[in-house]
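Atoms within each ligand, like the ligands themselves, are counted from 1 in listed order. Values reported hereafter were calculated over all heavy atoms of this structure, with side chains retained and with hydrogens, waters and symmetry mates removed.
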Amino acid sequence: MGVTLDLSHARPKPALTATPNLSGLTRAELADALVAADVVRPEKARMRATQLWRWIHHYGVTDFGQMTDVAKEMRASLAEAFTLDRPDIVERQVSKDGTRKWLIRTAPGIEVECVYIPDVGRAGALCVSSQVGCTLNCTFCHTGTQALVRNLTAAEIVAQVQVARDDLGEWPSPKEERRLSNIVFMGMGEPLYNLDHVAGAIDIISDDQGIAISRRRITVSTSGVVPELKALGERTQAMLAISLHATNDVLREELVPLNKKYPLAELMAGIRAFPGLSNAKRVTFEYVMLKGVNDSPAEAKALVQLLKGIPAKINLIPFNPWPGSPYECSDWGTIEAFAAILNRGGYASPIRTPRGRDILAACGQLKSESEKVRASARRKAAVAEDVPPQ
Ligand code: SAH
Ligand code: SF4
């Protein structure tokens with residue numbers, strides 16, 4: 001199939017120790033950690049944190065020894081008290097279309113997927129996860145069939161960006177000509193149920209003395225947790241994406257059960273009040289195209305009506321099926337006809353080209369698929385060894 005499948009297993013690391021990792025801390029946490037470990041005197045903490053910050057987030061170093069402007073003794077004490085290790089990369093796959101997917105293990109039993117998609121956004125977008133699993137059960141989403149394991153920490157979210165940057169060879173942070181130009185919180189999980197950590201991660205990723213991805217190039221996608229929208233806007237100044245998928249409450253309740261809690265009228269009011277909303281800062285509405293379910297011309301017209309007055313673009317997502325999924329993707333002609341109605345209504349409505357399908361990296365397929373593949377590998381191994389699979 002022409003797929004490059006590179007399952008590179010990272011070198012085994014020693015058993016996890018409690019050594020604190022500095023690479024995912026906010027500036028304030030970094031300064032506090034240095035003082036708490038007695039490596040830096042309180043009056044020097046800010047200066048040292050700024051110095052280390054540049055090494056960690058601009059140069060991407062994972063070894064204190066590379067911090068050439070830090071005195072040797074200080075480097076040694078840092079290395080004794082802390083680590084800058086990346087998480088283990090359990091699996092790495094590259095699609096024939098250039099999409100890359102990593103499964104990383106940040107802690108025992110905590111495995112997260114993130115996907116780099118070239119030619120999306122300014123140059124290329126990294127789709128990051130905010131939770132392992134999800135508590136919401138959207139009927140078309142494979143992640144929704146998995147129970148929530150836990151929220152990811154800010155460090156675990158930042159680690160996804162660092163792993164991608166390592167792999168793309170983007171250290172030090174390039175000013176121009178980046179391959180990784182945008183971040184989208186469209187991986188596993190509902191980011192607004194983990195807003196503290198998502199906001200912390202965005203602070204780190206957008207810091208202009210570090211990874212320096214502008215907040216305007218960071219998009220947070222939500223299924224519609226209305227009470228958190230204002231806080232999201234105020235705390236992160238990120239771009240907003242709403243997983244809409246239906247134009248009436250009856251259907252939306254079926255597709256996105258959270259709609260029972262926050263019906264469309266409340267959701268639309270929350271979006272209209274989103275801080276900073278303007279023509280320069282539009283909301284993206286995501287609309288998954290489900291054959292015979294939400295793809296009629298009447299629904300396209302209803303969508304135009306529903307969004308009236310909101311600075312918006314609409315992203316039509318061809319449904320990515322998964323084994324046992326109860327839907328099919330709309331026909332291409334139907335999607336184009338739907339898009340044409342939206343365009344006539346004044347909305348840009350790009351159809352999202354499915355990317356990385358050969359490596360199961362498409363929207364709504366994250367983690368679950370690799371989990372299945374790995375589960376099947378475990379079963380085979382168990383049969384071979386004659387032991388019951390876990
Ligand atoms: N929980 C958040 C963000 C993660 S989902 C949210 O729901 O917005 C990211 C996007 O992928 C959402 O728009 C979601 O509706 C869409 N999606 C989920 N499963 C999909 C599938 N099987 N095919 C196409 N899009 C899907
Ligand atoms: Fe969770 Fe988003 Fe999937 Fe819904 S679409 S189940 S909110 S990850």
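Atom CG of Asn182 is separated from atom CZ of Arg216 by 13.0 Å, given to the nearest 0.5 angstrom. Interatomic distance, Leu152 CG to Arg150 CZ, rounded to the nearest 0.5 Å: 6.5 Å.
Closest protein heavy atom to atom 4 (Fe) of ligand 2: Cys138 SG, 2.3 Å. Atom 1 (Fe) of ligand 2 has its closest protein heavy atom at Cys134 SG, 2.3 Å. Protein heavy atom closest to atom 3 (Fe) of ligand 2, with residue, atom name and distance, is Cys141 SG, 2.4 Å.
Counting heavy atoms closer than 4.0 Å to ligand 1, residue Asn320 contributes atoms from both its backbone and its side chain. At a 4.0 Å heavy-atom cut-off, ligand 1 touches Glu286 through the side chain alone.
Atoms of ligand 2 found under 4.0 Å from any heavy atom of Leu136, numbered from 1 in the order shown, are 6 (S), 7 (S). Shown in contact with Ser223 at under 4.0 Å from a heavy atom are these atoms of ligand 2, numbered in order with element: 7 (S). Per-residue contacts place Thr222 under 4.0 angstrom from the following atoms of ligand 1 (heavy atoms of the residue considered): 6 (C), 8 (O). Less than 4.0 angstrom separates some heavy atom of Gly189 from each of these atoms of ligand 2: 8 (S). Applying the 4.0 Å criterion to heavy atoms of Trp322 picks out, from ligand 1, the atoms 22 (N). For ligand 1, the atoms closer than 4.0 angstrom to any heavy atom of Ser223 are 6 (C), 7 (O), 8 (O).
The shortest side-chain heavy-atom distance between Val293 and Leu255 falls under the 4.5 Å cut-off. Using a 4.5 Å cut-off on side-chain heavy atoms (C-beta onward), Tyr59 and Pro172 make contact. Within the 4.5 Å cutoff, the side chain of Ile211 has no heavy atoms near those of the Leu180 side chain.
At a 3.5 angstrom cut-off on N or O pairs, Ser221 counts as close to ligand 1. Residue Phe140 has at least one N or O atom closer than 3.5 Å to an N or O atom of ligand 1. For a threshold of 3.5 Å applied to N or O pairs, the pair formed by Gly189 and ligand 1 contains at least one separation below that value. No N or O atom of His142 sits closer than 3.5 Å to an N or O atom of ligand 1.
Contact analysis leaves Ser243 out of contact with ligand 2, as no non-hydrogen atom separation drops below 4.0 angstrom. Under a 4.0 angstrom heavy-atom cut-off, Gly187 registers as being in contact with ligand 1.
Ring planes of Phe319 and Tyr327: perpendicular class, angle over 60° (limits at 30 and 60°).
Using a distance-only test at 3.5 Å, with no hydrogens or angles considered, no donor-acceptor pair links the side chain of Arg165 to the main chain of Trp171.
Under the 6.0 Å cut-off for aromatic ring centres, Tyr347 and Phe285 do not qualify, their centroids lying 6.0 Å or more apart.
By heavy-atom distance, the residue among Ser243, Cys141, Cys127 lying nearest atom 6 (C) of ligand 1 is Ser243.
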